[in-house]
Amino acid sequence: MCRVNPTNVVAFLTVLLFWFSSFQLTCSAREGKQWRESVAGGSHRQLEAARQHIGSSTAATTSAATSTATFNVLDYGAKGDGHTDDTKAFEATWAGACKVEASTVMVPSGSVFLVGPVSFSGPNCQPNIAFQLDGKIIAPTSSSAWGSGLLQWIEFTKLNGITIKGKGTIDGQGSVWWNDSPTFDPTAEQDPTTNETISAELKGKMPGTKPTALRFYGSNGVTVTGITIQNSPQTHLKFDDCTNVLVSDFVASSPGDSPNTDGIHLQNSQDVVISAATLACGDDCVSIQTGCSNVNIHNVKCGPGHGISIGGLGKDNTKACVSNITVRDVTIQNTLTGVRIKTWQGGSGAVKQVTFSNVQVSEVETPIMIDQFYCDKSNCKNQSSAVEVSGINYVNIRGTYTVQPVHFACSDSIPCSGVSLSTIELKPVQESHHLDGPFCWEAYGELETTTEPPISCLETEKPLKAGTQSNSESC
Ligand SMILES: *[C@@H]1O[C@H](CO)[C@@H](O)[C@H](O)[C@H]1NC(C)=O
Ligand SMILES: *[C@@H]1O[C@H](CO)[C@@H](O)[C@H](O)[C@H]1NC(C)=O
Ligand SMILES: *[C@@H]1O[C@H](CO)[C@@H](O)[C@H](O)[C@H]1NC(C)=O
C-alpha cells in the first residue's frame with residue numbers, strides 16, 4: 001500500500017528547482033568565461049535554460065556583464081582619423097572598463113588614433129581587464145603635447161591582471177625626438193626639468209626627457225601579446241615593479257641608429273617570461289636592470305641593436321641585485337654585443353645564477369661580454385667596490401663576430417667568479433681578417449669543453465682572499 005501526499009511532492013519539486021537554479025547562478029557568476037563559451041557553443045537546450053534562469057534577475061545580468069563587457073573607444077567619441085586628439089575618448093573608455101571585472105577595451109582595426117600622454121591607472125579598478133588592440137595608436141609629434149618632458153607616453157599602473165593583445169600597432173613617431181635633442185643621458189630620468197629641456201621647449205623642440213612608449217608599473221599578472229610597438233622616442237616596452245609578466249608574439253621595431261631605444265626594459269620585476277619576440281632597435285633588445293629575478297627569455301630574435309644585456313648596474317654607488325636569469329634559443333644579428341653583463345665601478349650587490357644557452361650570433365661585434373668598468377661617458381673614476389658577478393653560464397654560443405669573440409673585464413677587488421663556458425664556436429665574419437682574440441681580466445671559472453677560439457685567458461677558480469667578503473649575501 002503506497003500513498004503519495006500531493007503537497008509533499010510539490011514541496012520537494014520546489015526545493016529541487018530552487019537548488020538547481022541557484023547552482024546554475026553560482027556557476028555562471030564564478031565561471032563567467034566557461035559559461036559564456038557554453039552559451040556561445042550553441043546548445044539550444046543550454047541557451048533556453050540560461051535564459052530561464054537569468055530571467056529578470058539582476059544578479060545574473062551583472063554576472064553576465066562582468067564577463068562580456070566590451071568598451072569600444074569609438075563609442076566614447078574617439079575619431080580614429082589620425083588627426084583628432086583621441087586622448088579624452090581613451091580616458092573615458094578606460095573609466096568605464098575599469099569598473100567592470102574582466103572587461104575589454106576595444107581599439108578597433110582600420111582606424112588610427114592620435115593619443116597624447118595617458119595613464120590607465122588602476123588602484124581602484126577591477127581585475128583582469130584586457131585591451132584588444134587591433135587598430136593603430138600614434139603619438140603626437142608637437143612639443144606642446146609633452147610639457148617639459150615625460151618618462152612615458154602610455155602607462156598602466158597598479159593593476160591586477162592586465163592584458164594587451166591583438167594585431168595592432170603602437171607608433172611613437174620617435175624620429176622627431178631622435179634627431180633634435182642633444183645626446184640623451186638615460187640617467188637624467190629622475191630629473192626631467194633641466195635648463196636644457198626648458199630652453200628646448202621655448203624653441204619648439206622636443207623636451208630632453210624622452211618618453212618610453214608603453215610602460216607597466218606596479219602591476220601583477222601582465223600579458224602583452226600579438227602587438228607591435230615601433231619608433232619609440234626611447235624604450236619601447238618597460239616593466240617596472242611588476243610580477244608575473246608574460247610577453248609573447250611581440251615586435252619592437254625602430255632603426256638601428258635611433259638613440260636609447262631599448263626593445264624591452266625590465267626593472268624590479270620578477271617571474272617574467274619573454275618569448276617569440278622580434279626586437280630590432282637602436283639600443284639593448286632586452287635590458288635587465290636591478291631588482292629582477294626569475295626571468296626567462298627564449299625564442300627571441302634580436303638585431304639590429306645592442307644585444308641582450310643585464311645592466312648597467314650599480315651606477316652612482318647604488319646597490320643592484322639580479323638573479324636567476326635564463327636566455328635560451330635566441331638569434332642575435334648585427335648588434336654591438338650579443339649577451340652582455342655591464343656594471344659600473346663603485347656599485348654593490350650581485351648578479352648571479354645566469355645562463356645564456358643556444359645563442360646563434362651573426363655579425364655581432366662582441367658576442368660574449370662582461371664589463372665591470374662600464375662607463376657611458378668619456379671617463380669614469382676608478383673605484384674599488386663593484387657589483388659582484390658570479391655563476392654565469394654560457395652554453396652553445398655559435399656564429400660570427402666582427403671585433404672580439406669574448407671580452408671579460410672584471411673588477412680587481414671583486415673578480416668575476418664561476419664563469420663557465422661550454423660549446424663555444426665563434427668565428428671572425430671573414431676568415432681572412434685578423435681580429436682580436438678573447439680578452440680576460442680577473443675572470444675566474446671553467447671551460448667545460450674545448451672552445452673555438454681557445455679561451456686560455458680564463459683563470460681557474462681561486463678561493464676568496466681571506467678577509468674578502470662576498471657581497472652576494474647582501475642581496
Ligand atoms: C638655468 O640656468 C641659469 C644659469 O645658467 C640659472 O640662473 C637658472 O636658475 C636655471 N634655471 C633652472 C630652472 O634651473
Ligand atoms: C628560476 O626562475 C624560474 C623561472 O624562470 C623558476 O621556475 C625557478 O623556480 C627559479 N629558480 C629559483 C632557484 O628561484
Ligand atoms: C684607473 O685604473 C686604470 C688601471 O688600473 C688606469 O690605467 C687608469 O689611469 C686609472 N684612471 C684614473 C682616472 O685613475
Side-chain angles (χ1 to χ4, degrees), residues 159-165 216-225 235 237-250 252 262-279 284-302 307-311 313 319-332 338-343 348-360 368 370 387-397 416-423 445-446 448 461 470-475:
L159 290 158
N160 194 4
I162 175 74
T163 296
I164 315 292
K165 59 191 166 97
F216 293 87
Y217 174 75
S219 297
N220 174 48
V222 183
T223 302
V224 174
T225 182
T235 295
L237 174 61
K238 181 167 185 166
F239 299 93
D240 197 346
D241 257 313
C242 291
T243 49
N244 297 306
V245 173
L246 177 65
V247 177
S248 66
D249 298 305
F250 171 75
D262 283 348
I264 303 175
H265 191 104
L266 304 173
Q267 186 156 336
N268 290 317
S269 294
Q270 300 87 39
D271 302 308
V272 178
V273 178
I274 297 171
S275 70
T278 303
L279 310 169
D284 294 327
C285 290
V286 182
S287 166
I288 300 167
Q289 297 292 330
T290 186
C292 290
S293 59
N294 304 353
V295 175
N296 184 351
I297 296 169
H298 65 92
N299 299 92
V300 165
K301 268 166 110 167
C302 161
I308 296 175
S309 298
I310 297 174
L313 302 171
K319 176 174 163 182
C321 298
V322 171
S323 66
N324 192 15
I325 311 294
T326 303
V327 175
R328 67 167 166 88
D329 301 302
V330 298
T331 61
I332 302 179
V339 290
R340 169 169 61 157
I341 298 173
K342 47 182 176 175
T343 68
S348 61
V351 180
K352 56 190 173 186
Q353 213 187 330
V354 177
T355 299
F356 299 108
S357 69
N358 305 340
V359 177
Q360 180 71 46
I368 296 176
I370 298 176
V387 179
E388 183 174 319
V389 175
S390 67
I392 315 296
N393 306 294
Y394 301 90
V395 183
N396 195 25
I397 319 273
C416 300
S417 65
V419 175
S420 132
L421 293 140
S422 151
T423 325
E446 140 167 62
E448 310 281 343
E461 212 70 53
S470 159
N471 51 6
S472 110
E473 286 120 54
S474 71
C475 279

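The basis for the numbers below is simple: all heavy atoms, side chains too, and nothing from hydrogens, waters or symmetry mates. For ligands, and for the atoms within them, numbers begin at 1 and follow the listed sequence.
Of the protein's heavy atoms, none falls inside 4.0 Å of atom 9 (O) of ligand 2.
Between Lys342 and Ser309, the closest heavy-atom pair is CE-CB, 4.1 Å. Across all their heavy atoms, Val300 and Leu279 have their closest contact at CG1-CD1, 3.8 Å. Contact between Val222 and Cys242 at its shortest, heavy atoms only, is CG2-SG, 4.4 Å.
Shown in contact with Asn324 at under 4.0 Å from a heavy atom are these atoms of ligand 2, numbered in order with element: 1 (C), 2 (O), 3 (C), 8 (C), 10 (C), 11 (N), 12 (C), 14 (O). Using a 4.0 Å cut-off to heavy atoms of Gln353, the atoms of ligand 2 that qualify are 13 (C).
Residue-to-ligand polar distances keep Asn296 apart from ligand 2: every N/O pair is separated by 3.5 Å or more.
A donor and an acceptor atom, one from each side chain of Thr326 and Asn296, are nowhere located under 3.5 Å apart.
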